[in-house]
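One is the number of the first residue; the rest follow in order along the sequence.
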Amino acid sequence: MWNRPRFDLKVRLTLRVAAITAACFAAISAYFLIAADRAVHTRIDGIAAIVAKSLELQQGKIQWVAGPRDFPNLDPVAAYVMTPGLCLAFRGPSGEMLQRFCSGAPAPESPSPQVFAAFYRSLFDPGREAARPVIVRGAKLGETVVSVDPAVQTAEAWHEAGRLMIALAIALPLLCLLVYAALARALRPTRLIRNGLERIAANDLSARLPPFDLAELSAIRDGFNHLAESLDNALAERSELTRKLIALQDDERRHLARELHDEFGQSLAAIRALASSARQTAAQDCPALLGECDGIARTATSMMETLRGALFRLRPPDVEELGLVASLEGLVAGWNGRSRGETRFSIHFDGAVETLPSAISANLYRIVQEALTNAAKHAGATRVDLHLTMAADEIALAIDDDGRPNDASSKSGMGLLGMRERVAALRGRMSFEVGANGGSALRVVIPLTAAERQALEHAA
């Protein structure tokens, strides 16, 4: 999917202000060019009217006063109205030019660019003539024609537009800098909002936003703080509920372990005793049944071993009595013994792990127990390394193995779900990723509350 490039909000708003400013300058320039063109045409229309009136007076004087018949004579009026680039002419009734005067124009200091000249000619038609008829006693003797050299008119327009462009070139960068600085100051609280959202995304629900001056940002702040408080309360209620459910689950496991030990274990012991008694009887009366009796005894013994392992998983050693370190070392030693060298387990401790509260220790034991089961049975790992670190404000558990990292059962099974529930009950974070050197990497971070840290300091 094509994604549009993302710009900083201050840059985007500054560019929009710059575009609007440039459009305003362009509109002002267009207005000045149109006004200048209208002024030129108004001026040459006025000059044409004056010249026409002067020629009418000349013709009337010739008719009423005896004198030389010098008509048309543009010299008297040209001395007063001529400007650089202006042309005066008299066109006879048949269209021939009877007289024409044009004043020269000095070369402009900064000639207009060809692009501007072509653009200006396409819009305003410089050099357009203004004509006024010369009428004496109802008869049209001809017409006066006034025009301005197109090059002179274009140069004057470029002079006006050039000043605006220089003003734009100076004002626009300064305006952009001022707008960017003002926006940076006004949008400075958005950094706090972004930092708060990042803390919320990192499960730090204690994040709160300070008061802001702007009403819109204050509304965002109120909504953010209300949402963070609601999420914090909801997570606390969920953690408490999960903690109770886990406690009920552990009680049910202990109850089930007692039932299996008392009922099923005794039944297997009775089967082994009966098999032994039947073997003694078969040895005297029916030796052919000795193999079946031995098979029954072996099956009962195997079931006893399976039951012993199930009881150990259902009811692990009391962490409160043995301590977390001893319990985890015993768990690792048991796995090393059962794996018979196929998988090598190792564990390392950093910090005062023994001072952890019993609730955290019991859950950590269960998390490690399930992680070792996943690594050994589901991922087929040959090496499993555990590292439990206790810092000032959190507990970090790292479990790395060299097994199959994409095993679906180890990622989506009930064991991993139970681990997530225990971590959520402790308001911690858990991640299951591919290790740096292959295999899988399990990371669990459990924060310590202020009360727990104080209790640990007293215990230390």
Side-chain angles (χ1 to χ4, degrees), residues 243-345 347 358-359 361-381 384 386 409-410 413-419 421-422:
R243 195 176 296 114
K244 292 181 180 179
L245 291 175
I246 291 176
L248 291 175
Q249 185 183 44
D250 291 340
D251 291 339
E252 185 65 23
R253 285 181 174 182
R254 284 191 291 269
H255 176 72
L256 181 60
R258 285 194 300 268
E259 292 293 330
L260 290 176
H261 180 271
D262 296 340
E263 299 295 336
F264 195 61
Q266 292 181 7
S267 298
L268 289 177
I271 291 174
R272 290 180 60 184
L274 290 175
S276 178
S277 176
R279 189 181 190 285
Q280 293 178 0
T281 303
Q284 297 176 1
D285 299 336
C286 186
L289 296 178
L290 290 176
E292 284 79 356
C293 293
D294 292 338
I296 294 173
R298 285 193 301 270
T299 301
T301 302
S302 177
M303 293 178 68
M304 287 290 289
E305 293 294 331
T306 303
L307 177 62
R308 191 174 292 110
L311 292 176
F312 181 80
R313 288 191 296 272
L314 288 173
R315 189 175 61 185
D318 196 343
V319 178
E320 294 184 3
E321 295 181 1
L322 299 179
L324 180 60
V325 173
S327 299
L328 291 179
E329 288 178 344
L331 178 64
V332 170
W335 273 105
N336 281 326
R338 287 191 295 273
S339 65
R340 298 175 182 177
E342 296 180 0
T343 305
R344 182 63 183 172
F345 298 85
I347 188 169
S358 58
S361 299
N363 283 292
L364 281 175
Y365 182 89
R366 284 293 190 182
I367 292 171
V368 172
Q369 185 184 37
E370 188 60 43
L372 295 183
T373 302
N374 287 338
K377 290 189 174 182
H378 300 299
V384 181
L386 294 87
S409 61
S410 63
M414 295 300 294
L416 187 60
L417 179 60
M419 293 164 59
E421 291 177 351
R422 292 182 182 275

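The salt bridge (charged side-chain N to carboxylate O under 4.0 Å, His left out) contacts involving residues 298-307 comprise Glu305-Arg308, where partners must be two or more places apart or lie in separate chains.
Atoms OG and CG, from Ser327 and Leu364 in turn, are 11.5 Å apart once rounded to the nearest 0.5 Å. Asn363 contributes atom CG, which lies 11.0 Å from atom CD of Glu421 (distance to the nearest 0.5 angstrom). Here OG1 of Thr299 is found 13.5 Å from CE of Met304. Values are rounded to the nearest 0.5 Å. Atom CZ of Arg422 is separated from atom CD of Glu370 by 9.0 Å, given to the nearest 0.5 angstrom. Gln369 CD to Trp335 CH2: the interatomic distance, rounded to the nearest 0.5 Å, is 8.5 Å. Atoms CG and CG, from Asn336 and Leu331 in turn, are 10.0 Å apart once rounded to the nearest 0.5 Å.
Contacts of Ile296 classified as side-chain contact (heavy atoms from CB on, under 4.5 Å), with partners at least two apart in sequence or in another chain: Ile271, Ala275. Applying the side-chain contact (heavy atoms from CB on, under 4.5 Å) rule to Gln280 yields the partners Ser276; only residues at least two apart in sequence or on another chain are considered.
Under a 3.5 Å cut-off, the side chain of Ser277 and the backbone N or O of Ala273 do not form any donor-acceptor pair.
Annotation: side chain of Leu386 is not in contact with side chain of Leu328 (no heavy-atom distance under 4.5 Å).
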